[in-house]
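These notes concern the structure reproduced below.
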Amino acid sequence: METVGNIPVHVSIIMDGNGRWAEERGLARTAGHVEGVESVRACTEAAVECGVKYLSLYAFSEENWGRPQAEVDTLMKLMFKSMIAEMPTFAENGIRFIVLGHRQRLSDELNAVIDDCMYRTKDNKNLTLVVFLSYSGRWDILQAAGKLAMELASHPGMAASIEELDTSCFDKYLVTAGIPDPDLIIRTSGEKRLSNYLLWQGAYSELVFSDILWPDFRKEEFREALRTYSKRDRRYGKVK
Ligand code: FPP
């Protein structure tokens, strides 16, 4: 197993820069997404090798539906093809595969492959690979608040007063229920913002920004981000 210091349990990545990678080469933006899938494979392998237990990827945001239809279609086809192609690799490497997000917006065909892939890999223990599709942090918080409101309305005794609610009460309504909060969020391509990603869950995540465009972000870049993380001093608002 690779040793890169103090290993985060959950690493999350905002994969950015596919379009710029393609444009720099005079290619269509979609060529960057195709190459980006190779980086997904490389980082997944590196995560297993380093002993990371959860790797999550921001693959398609709620806002990404606003891109040109041809790009949206290419991305959805790429997800579909990649899931079918990678299923044997997930089985061989003990990878549990999960998709989280506003799944009602995805096609029936894509949802069927996702369900199949999630079912077939549900008992795998080495790494949980979470792909966020049609996800945004504000949407997640809103849908969780809606579920909590419904629950409180149907069980008025559940919270005698609003003060009894604590953050763990809320966690279980988020789509990430049961998944530990990310210890480390990496964003590639030099952009330094969260772009509506894991707004609740990332409250105490360490942030690492890399100038490398996602299609060039491979195993060594992943390990380098882990090394940077291992030098951080996490205090969660307390003193040591
Ligand atoms: C951001 O780059 C990237 C995306 C919106 C898509 C990322 C998706 C993949 C790499 C496919 C993943 C596949 C699986 C199976 C998880 P951008 O297009 O915003 O780049 P730009 O900022 O340079 O324009």
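Whatever order the structure lists ligands and atoms in, that order sets their numbers, starting from 1. Values in this document were obtained by computation on a predicted structure and should not be read as measured data.
Taking the six-membered ring where tryptophan is involved, the planes of Trp214 and Phe217 are essentially parallel, since the angle between them stays under 30° and well short of 60°. Under the 30°/60° scheme for interplanar angles, the aromatic rings of Tyr197 and Tyr58 are found to lie parallel.
Residue contacts with ligand 1, taken as heavy atom pairs separated by less than 4.0 Å, involve Asn64 solely via side-chain atoms from C-beta onward. When non-hydrogen atoms are compared, ligand 1 lies under 4.0 Å from neither the backbone nor the side chain of Lys81.
Salt-bridge formation is not detected for the pair Arg218/Glu38: no Lys NZ or Arg NE/NH1/NH2 atom is positioned less than 4.0 Å from an Asp or Glu carboxylate oxygen. Ion pairing between a basic and an acidic side chain is recognised when a charged N comes within 4.0 Å of a carboxylate O; Arg234 and Asp183 show such pairing.
More than 12 heavy atoms of other residues, nucleotides or ligands sit less than 6.0 Å from atom CG of Asp233. Lys77 NZ: 12 or fewer foreign heavy atoms inside a 6.0 Å radius. Within a 6.0 Å sphere centred on CZ of Arg138, heavy atoms belonging to other residues, nucleotides or ligands number 12 at most.
Nearest protein neighbour of atom 24 (O) of ligand 1, counting heavy atoms only, is Arg29 NH1, 2.9 Å. Among protein heavy atoms, the minimum distance from atom 15 (C) of ligand 1 is reached at Ser82 CB, 3.6 Å. The nearest heavy-atom contact from the protein to atom 13 (C) of ligand 1 is Met79 SD, 3.8 Å. Among all non-hydrogen protein atoms, the one lying nearest atom 6 (C) of ligand 1 is Ala59 O, 3.4 Å. Protein heavy atom at the shortest distance from atom 10 (C) of ligand 1 is Asn18 ND2, 3.5 Å.
Closest to atom 21 (P) of ligand 1 by heavy atom, among Glu24, Arg20, Glu38, is Arg20. Here the shortest heavy-atom distance to atom 19 (O) of ligand 1, taken over Arg67, Met15, Glu23, Arg41, belongs to Arg67.
When only modelled atom types and interatomic distance are considered, Ser230 and Asn6 share no side-chain donor-acceptor pair under 3.5 Å.
Between Trp214 and ligand 1, no pair of N/O atoms sits closer than 3.5 Å. Between Asp16 and ligand 1, at least one pair of N/O atoms sits closer than 3.5 Å. Checking only distances, Val37 never comes within under 3.5 Å of ligand 1, N or O to N or O.
Within the 4.0 Å heavy-atom shell around ligand 1 one finds Gly17.
Partner Ile13 forms a side-chain contact (heavy atoms from CB on, under 4.5 Å) with one of Val208, Leu184, Ile186, Ile185 and no other, that one being Ile186.
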